[in-house]
Number of protein chains: 2
Amino acid sequence: MIISDNLKMYVQKLRSSNLRPTKQRLKICQFLFDRKKTFHFTVETLNKKINKNGTTKVSLATIYNTVEAFTSAGYLKEILTSKNKSYYDTNIKSHHHFYDEGSKELTDIHYSQIKLSKVPVPPKGKKIKNLEVVIRIQK
Amino acid sequence: MIISDNLKMYVQKLRSSNLRPTKQRLKICQFLFDRKKTFHFTVETLNKKINKNGTTKVSLATIYNTVEAFTSAGYLKEILTSKNKSYYDTNIKSHHHFYDEGSKELTDIHYSQIKLSKVPVPPKGKKIKNLEVVIRIQK
DNA sequence: ATCTAGTTTATAATAATTCTAAACTAGAAA
DNA sequence: TTTCTAGTTTAGAATTATTATAAACTAGAT
Ligand SMILES: [Mn+2]
Ligand SMILES: [Mn+2]
Ligand SMILES: [Zn+2]
Ligand SMILES: [Zn+2]
């Protein structure tokens, strides 16, 4: 799988989610998905990186809109870890994380690296939506 | 252990943490700790409940200050679960939670009810600070 | 009774996010 | 092609949770 010039692929992908392939969305797609490793970010960090190079700017509102749209479309996963900032993850498979309280960074833990040998039954009428563990670490 | 008129006890407790036993703090202590079961709350809900009865009001700033002071003193535990609101817990023992995405309420899971038979080693130089699981549930 | 550090409070400030509404554009249709 | 329109982008305002500020108040030591 070639990692550059995936533009056509992203156009397809966006169209298949009823999202118009605008230049802003394609730019963000390339930035987020033209990479081999998981990428964890906040809107703040994404905004900085997208708008680093002196090229045409993407507005903060569009960064918010796009991250929301990509999350709804299933291209991104939101990771609930910090009380005052949303984190997002390009790895949409079910998996766990270390969250470093010092650097405020997330690191993937493969799903198989944590084994839950006993899990309680949810209250009646409710079902488990998500069981991903965040292990908080520090120095 | 009698559940009413624990005032003297709270006075001691506060003094032992170098917190003056003001009437606001005692009122909040009584509200939070004069109960047998775990209580989970946000500052918003606590503020409403403390100021429900037409008695003298405790300001929102004091609610924030007190929750912060009680958390630092170890009377309360902060539960990181929601991206835009802090949750607190009168149960300061290590334990797990269900978080209902519909009602936005926490329910305790006793520590022994979840067994982690395999846990990854943290990155070198880092140690695990907290390993409490939040299981997200919904209808 | 006096004094002072700690506390409370109203209010302002901040930070993350969402909303609004006007300008812009992708792409379907004429 | 040009026209048209729903979808999109954008700057800026609004909202929400929280923290900071600074003046008034008070616990409790002296
Ligand atoms: Mn916040
Ligand atoms: Mn927020
Ligand atoms: Zn991840
Ligand atoms: Zn609890």
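All values below were derived from every heavy atom in this structure, side-chain atoms included, with hydrogens, water molecules and symmetry-related copies excluded. Below, chain A is the first sequence line, B the second, and so on; all start at residue 1.
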In residues 119-128 of chain B, what donor-acceptor pairs under 3.5 Å come from side-chain atoms, sequence neighbours left out?
residue, atom, partner, partner atom, Å
B:K126, NZ, A:D100, OD2, 2.7

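- Listed in residue order, the members of residues 43-51 of chain B having a heavy atom less than 4.0 Å from DNA chain C come to none.
- For the pair A:Q30/A:L7, a side-chain contact is recorded, criterion being any heavy-atom separation below 4.5 Å from C-beta on.
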Which letter, B, S or -, goes with each nucleotide of nucleotides 23-30 of chain C from 5' to 3', with contact meaning a protein heavy atom under 4.0 Å? --BBS---
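- Distance OH (B:Y87) to C1' (D:dT18): 15 Å, rounded to an integer number of Å.
- Side-chain polar atoms of B:H110 and B:H96 form no donor-acceptor pair below 3.5 angstrom.
- When rounded to the nearest whole Å, the span between CD1 of A:I63 and C1' of D:dT9 equals 11 Å.
- Taking atom CG of residue A:N84 and atom P of nucleotide D:dT19, one finds them 8 Å apart after rounding to whole Å.
- Judged by a 6.0 Å distance limit and a 45° cone about the ring axis, A:K13 is positioned over the six-membered ring of A:F33.
- Between the CG atom of A:L60 and the P atom of C:dC19 there is a distance of 15 Å, given to the nearest Å.
- For the residue pair B:T71 / B:E78, no side-chain donor-acceptor distance below 3.5 Å is found, with atom types taken as modelled.
- Under 4.0 angstrom from either OP1 or OP2 of D:dA27 there lies no side-chain N or O belonging to B:R25.
- For the 3.5 Å distance criterion, the side chains of B:E132 and B:S94 qualify, holding a donor opposite an acceptor.
- In this entry the distance linking CD of A:Q24 with P of D:dA11 reads 11 Å, nearest Å.
- The distance from atom NZ of B:K85 to atom P of C:dA16 is 18 Å, rounded to the nearest whole Å.
- Side-chain atoms of A:F70 and A:L14, non-hydrogen and from C-beta on, do get closer than 4.5 Å to each other.
- To the nearest angstrom, P of D:dT18 lies 4 Å from OH of B:Y64.
- Residues A:D89 and A:L106 form no side-chain contact, since every pair of their non-hydrogen atoms from C-beta on lies 4.5 Å or further apart.
- For the pair B:N65 CG and D:dT19 P, the interatomic distance rounds to 10 Å; values are reported in whole Å.
- Among the protein residues, B:S86 comes within range of the sugar-phosphate backbone only, with heavy atoms under 4.0 Å from sugar or phosphate atoms but none that close to a base.
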Under the criterion side-chain contact (heavy atoms from CB on, under 4.5 Å), I'd like the reasoning laid out for B:Y99 against B:H40: C-alpha separation, chi angles, the key distance, then a yes or no. CA-CA 11 Å; B:Y99 178 66; B:H40 299 108; over 6 Å; no
